[in-house]
Colleague: 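Here you go, one structure.
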Amino acid sequence: MPGPGLRAARLITELTAPAVLVTVLTMLVGWFGGNGGAHGLAWGLLATVFASGIPFAYIVGGVRRGRLTDHHVGVREQRRTPLLFGLASAAVGWALLAAFGAPRPLLALVAAGVVGLVVAVTVSHWWKMSIHTAVAAGAVVVLVLTFGPPLLAAVPVPVLAGWSRVRLRAHTLPQVLVGGTVGGLVAGAVYGALT
């Protein structure tokens with residue numbers, strides 16, 4: 001019978017899943033880029049469809065058809081196709097956002113996601129880096145760059161995500177540490193340079 005630690009790890013893993021964090025972050029950055037109005041939220045929603053919605057729907061479909069073991073794509077060998085699909089979806093989304101004049105911070109965020117996915121596809125060919133911690137750390141960096149130092153309060157999010165992945169034996173400590181480091185560096189470099 002699972003104890004409270006295991007139940008907490010499962011809950012944290014779901015709450016810090018890349019699809020969840022990308023959705024929340026994209027909506028916040030869209031809102032910010034649109035000067036806090038409904039216009040920005042609409043941009044954020046459009047970006048979310050391509051950066052999170054379509055890729056997650058693809059993964060759920062893969063689970064239902066038996067091609068993927070779970071919605072976290074826990075088997076390294078199964079990661080390549082969903083990551084490439086997510087990369088293509090985010091790239092198409094970025095192109096549409098750019099063509100229709102989306103706010104610069106949102107374009108920078110989706111570009112950072114595209115670069116992050118390129119890195120994830122490359123690393124996943126050989127090693128199972130934690131995408132949970134990569135996205136969580138990248139999200140913290142983007143939040144701080146967008147809204148300022150008070151958002152350093154979000155630093156526990158990647159720590160909790162990493163703990164949950166190790167506790168569930170989905171990753172090793174080095175895999176979550178490397179994921180967090182890579183995610184933070186990519187977000188800082190790409191988002192920081194483009195905003």
Colleague: Will you find, in the side chains of Thr146 and Tyr191, an N or O donor that is under 3.5 Å from an N or O acceptor?
Modeller: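 Distance-only check passes for Thr146 and Tyr191.
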Colleague: Pick from Val22, Val157, Val140: which one makes a side-chain contact (heavy atoms from CB on, under 4.5 Å) with Val135?
Modeller: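 Testing each of Val22, Val157, Val140 against Val135, the sole residue satisfying side-chain contact (heavy atoms from CB on, under 4.5 Å) is Val22.
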Colleague: Is Leu160 reachable from Val166 through a run of I, L, V, M, F, W or Y residues, each pair having side-chain heavy atoms under 4.5 Å apart?
Modeller: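 Each belongs to a different hydrophobic cluster.
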Colleague: Under 4.5 Å between side-chain heavy atoms, hopping through other hydrophobics if needed: is there a path connecting Val60 to Leu84?
Modeller: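 Result: no, two separate clusters.
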Colleague: Throw together a table of side-chain donor-acceptor distances under 3.5 angstrom for residues 102-114, partners on residues two or more places apart or in other chains.
Modeller:
unit_1 : atom_1 : unit_2 : atom_2 : d
Arg104 : NE     : Leu194 : O      : 2.7
Arg104 : NH2    : Leu194 : O      : 3.3

Colleague: For Phe85, does its backbone N or O pair with a side-chain atom of Ser89 as donor and acceptor, under 3.5 Å?
Modeller: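 No.
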Colleague: Name the residue from Ile131, Val119, Leu177 that meets the side-chain contact (heavy atoms from CB on, under 4.5 Å) definition with Val182.
Modeller: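 That would be Val119.
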Colleague: Check the pair Val20 / Glu14 against side-chain contact (heavy atoms from CB on, under 4.5 Å), numbers first and verdict last.
Modeller: CA-CA 8 Å; Val20 173; Glu14 296 305 326; over 6 Å; no
Colleague: With side-chain contact (heavy atoms from CB on, under 4.5 Å) as the criterion, how do Leu152 and Val155 come out once you've worked through the C-alpha distance, each side chain's angles and the decisive distance to 0.1 Å?
Modeller: CA-CA 5 Å; Leu152 285 169; Val155 164; 4.2 Å; yes
Colleague: Could you name each residue pair satisfying side-chain hydrogen bond (donor to acceptor under 3.5 Å, both in side chains) that touches residues 35-44, not counting sequence neighbours?
Modeller: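 Sorted result for residues 35-44: His39-Trp43.
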Colleague: Of the non-hydrogen atoms in Gly74 and Lys128, which two are nearest, and what is the gap between them?
Modeller: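 So the minimum-distance heavy-atom pair works out to O-NZ, 2.7 Å.
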Colleague: For the hydrophobic clusters of this structure (ILVMFWY residues joined by side-chain heavy atoms under 4.5 Å, transitively), does one cluster hold both Val92 and Leu45?
Modeller: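 Linked, Val92 and Leu45 end up in one cluster.
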Colleague: What distance do Ser130 atom OG and His171 atom NE2 have between them, rounded to the nearest 0.5 Å?
Modeller: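 Result: 4.0 Å between the selected atoms.
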Colleague: Tell me, do Ile54 and Tyr58 make a side-chain contact under 4.5 Å, heavy atoms counted?
Modeller: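 Contact flag for Ile54/Tyr58 side chains = no.
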Colleague: When you group the ILVMFWY residues by side-chain heavy-atom contacts below 4.5 Å and let the links chain together, are Leu168 and Val176 in the same group?
Modeller: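 Result: no, two separate clusters.
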Colleague: Looking at Ala161, is its backbone amide N or carbonyl O close enough to the side chain of Thr16 to form a donor-acceptor pair, meaning the two atoms are under 3.5 Å apart?
Modeller: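 No, the answer is negative, given that no donor and acceptor are paired below the 3.5 Å cut-off.
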Colleague: Would you check, one step at a time, whether the test side-chain contact (heavy atoms from CB on, under 4.5 Å) holds for Arg79 with Val75?
Modeller: CA-CA 7 Å; Arg79 287 180 157 198; Val75 177; over 6 Å; no
Colleague: Could you please spell out the steps behind the side-chain contact (heavy atoms from CB on, under 4.5 Å) verdict for Leu68 and Ile59?
Modeller: CA-CA 7 Å; Leu68 303 173; Ile59 290 171; 4.1 Å; yes
Colleague: Which value, rounded to the nearest 0.5 Å, describes the distance between Leu28 atom CG and Leu41 atom CG?
Modeller: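 One gets 9.0 Å once the value is rounded to the nearest 0.5 Å.
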Colleague: Say whether Thr48 and Thr23, considering side chains only, have a donor N or O and an acceptor N or O under 3.5 Å apart.
Modeller: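 Side chains of Thr48 and Thr23: no pair found under 3.5 Å.
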Colleague: Do you know the tightest heavy-atom contact between Pro55 and Val49?
Modeller: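 Looking at all heavy atoms of both residues, the closest pair is CD-O, 4.1 Å.
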Colleague: Taking all non-hydrogen atoms of both residues, which atom of Leu25 and which atom of Ala139 are closest, and how far apart?
Modeller: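 Scanning both residues, the minimum pair turns out to be CD2-CA, 3.7 Å.
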Colleague: Give me the atom names and distance for the closest heavy-atom approach of Ala9 to Ser164.
Modeller: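 Looking at all heavy atoms of both residues, the shortest contact is O-CB, 3.3 Å.
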Colleague: Tell me, which pairs form a ring pair (Phe, Tyr, Trp, His ring centres under 6.0 Å) where one or both residues lie in residues 113-152, sequence neighbours left out?
Modeller: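 Pairs touching residues 113-152 that pass the test: Phe32-Phe147, His72-His132.
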Colleague: Drop me the distance from Thr26's OG1 to Leu21's CG, to the nearest 0.5 angstrom.
Modeller: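 CG of Leu21 is found 10.0 Å from OG1 of Thr26.
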Colleague: Could you see if Leu151 belongs to whatever hydrophobic cluster contains Val29? Use Ile, Leu, Val, Met, Phe, Trp, Tyr and a side-chain cutoff under 4.5 Å.
Modeller: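 Same cluster.
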Colleague: How far apart are the closest heavy atoms of Ser124 and Leu83, and which atoms are they?
Modeller: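 Shortest heavy-atom separation between Ser124 and Leu83 comes out as OG-CD1, 3.7 Å.
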Colleague: Taking atom CH2 as the centre, does Trp163 end up with more than 12 heavy-atom neighbours from other residues, nucleotides or ligands that are less than 6.0 angstrom away?
Modeller: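 For Trp163, atom CH2 is crowded (more than 12 foreign heavy atoms under 6.0 Å).
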Colleague: Looking at Ala136 and Pro158, what are the two nearest heavy atoms and their distance?
Modeller: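 Nearest heavy atoms, Ala136 then Pro158: CB-CA, 3.6 Å.
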